[in-house]
Amino acid sequence: MTSDPFMQAAIEEAQKGLAEGGIPIGSVLVIDNRIVGRGHNQRVQKGSCLLHAEMDCLENAGRLKAADYRRATLYSTLSPCDMCSGTVLLYGIKKVVIGENRTFKGPEDYVRSRGVELDLRDDAQCIQLMQDFIARQPVLWNEDIGE
């Protein structure tokens, strides 16, 4: 169990998604040390092509002002993909805390080059969640990452 309450909240979202029959990736959006949005990958549950954990989290945060996004930190149990990273850039989120990038690595170098701080935690629980899922559901996992 991680000592960071925000990463723990993201992990709980990932576990919720897994319990619903989905892909175990979770995310929370934090502004001023308070969670303002949370979500998990719901592509399976909602038959969506867009609802990665980060997208669900941002949708659940609702409409925010540009200044709010610039003060925000996005937590994700897995390295954000191109779509989710693009959304971080679009809204000017300045920091992303990543649970792990061993099972999947998004465009981290590019995101850094655009001024976003990435904090990679290499969290054992995040890694195990994804490794177990990928071993059990390789076809669904490959669909999620576009392969």
Side-chain angles (χ1 to χ4, degrees), residues 1-18 22-44 46 48-135 137-138 140-147:
M1 184 175 215
T2 180
S3 62
D4 182 329
F6 301 128
M7 183 54 71
Q8 186 59 43
I11 291 169
E12 289 166 8
E13 284 293 322
Q15 292 168 330
K16 183 178 178 181
L18 183 63
I23 299 165
I25 305 167
S27 183
V28 296
L29 185 68
V30 176
I31 300 175
D32 298 333
N33 213 33
R34 185 174 69 85
I35 295 174
V36 298
R38 50 177 76 229
H40 52 277
N41 187 304
Q42 294 203 56
R43 291 185 69 250
V44 173
K46 294 191 175 179
S48 171
C49 65
L50 297 175
L51 283 181
H52 282 191
E54 299 88 344
M55 302 300 280
D56 186 48
C57 171
L58 292 168
E59 176 71 14
N60 291 333
R63 188 172 161 194
L64 301 173
K65 296 178 182 175
D68 294 329
Y69 288 115
R70 289 191 296 270
R71 293 191 339 268
T73 298
L74 182 67
Y75 285 74
S76 181
T77 58
L78 185 65
S79 181
C81 71
D82 288 318
M83 174 177 64
C84 298
S85 294
T87 303
V88 165
L89 297 174
L90 177 67
Y91 287 111
I93 296 170
K94 298 295 183 194
K95 183 174 181 179
V96 179
V97 179
I98 300 168
E100 68 104 348
N101 69 357
R102 291 186 191 189
T103 58
F104 178 83
K105 185 175 180 180
E108 294 175 13
D109 292 337
Y110 178 69
V111 172
R112 277 190 197 96
S113 80
R114 296 281 306 273
V116 178
E117 177 187 349
L118 300 183
D119 177 355
L120 177 59
R121 298 290 173 89
D122 207 27
D123 183 270
Q125 192 173 4
C126 293
I127 294 166
Q128 195 66 55
L129 268 170
M130 288 310 303
Q131 286 178 339
D132 291 349
F133 177 78
I134 292 166
Q137 297 280 350
L140 183 56
W141 170 243
N142 285 333
E143 173 192 320
D144 194 62
I145 60 173
E147 290 188 12

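Residues take their numbers from the sequence shown, with the count starting at 1.
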Mind checking whether [X] and [Y] have side chains closer than 4.5 Å, heavy atoms only?
X      : Y      : result
Thr103 : Gln131 : yes
Phe133 : Ile25  : no
Leu18  : Gln15  : no
Leu64  : Ile31  : yes
Arg121 : Cys126 : no
Ile93  : Val116 : no
Val88  : Pro80  : no
Leu74  : Glu54  : yes

Between [atom1] on residue [X] and [atom2] on residue [Y], distance to nearest 0.5 Å:
X      : Y      : atom1 : atom2 : answer
Leu58  : Arg63  : CG    : CZ    : 15.0 Å
Asp56  : Leu50  : CG    : CG    : 11.0 Å
Glu100 : Met7   : CD    : CE    : 10.0 Å
Ile98  : Ser27  : CD1   : OG    : 11.0 Å
Gln128 : Arg102 : CD    : CZ    : 10.5 Å
Leu129 : Thr77  : CG    : OG1   : 7.0 Å

[X] side chain to [Y] main-chain N or O, any donor-acceptor pair under 3.5 Å?
X      : Y      : answer
Asn60  : Gly37  : no
Ser113 : Tyr110 : yes
Thr73  : Val96  : no
Asp123 : Gln125 : yes

What is the minimum heavy-atom distance between [X] and [Y], and which atoms define it?
X      : Y     : result
Val28  : Ala10 : CG1-N, 4.0 Å
Met83  : Cys49 : CE-O, 4.5 Å
His40  : Lys16 : CE1-CD, 3.6 Å
Pro107 : Cys81 : CD-C, 3.8 Å
Phe6   : Arg34 : CZ-N, 4.3 Å
Gly26  : Ala14 : N-CB, 3.5 Å

Ser79 and Glu108 side chains, donor-acceptor separation under 3.5 Å: yes

Pair Val111-Arg114, side-chain contact (heavy atoms from CB on, under 4.5 Å): steps then yes or no: CA-CA 5 Å; Val111 172; Arg114 296 281 306 273; 5.9 Å; no

Residues that Phe104 engages under ring-ring contact (aromatic ring centres under 6.0 Å, His included), provided they are two or more places apart: none

Full working for side-chain contact (heavy atoms from CB on, under 4.5 Å) between His52 and Arg43: CA-CA 7 Å; His52 282 191; Arg43 291 185 69 250; 3.4 Å; yes

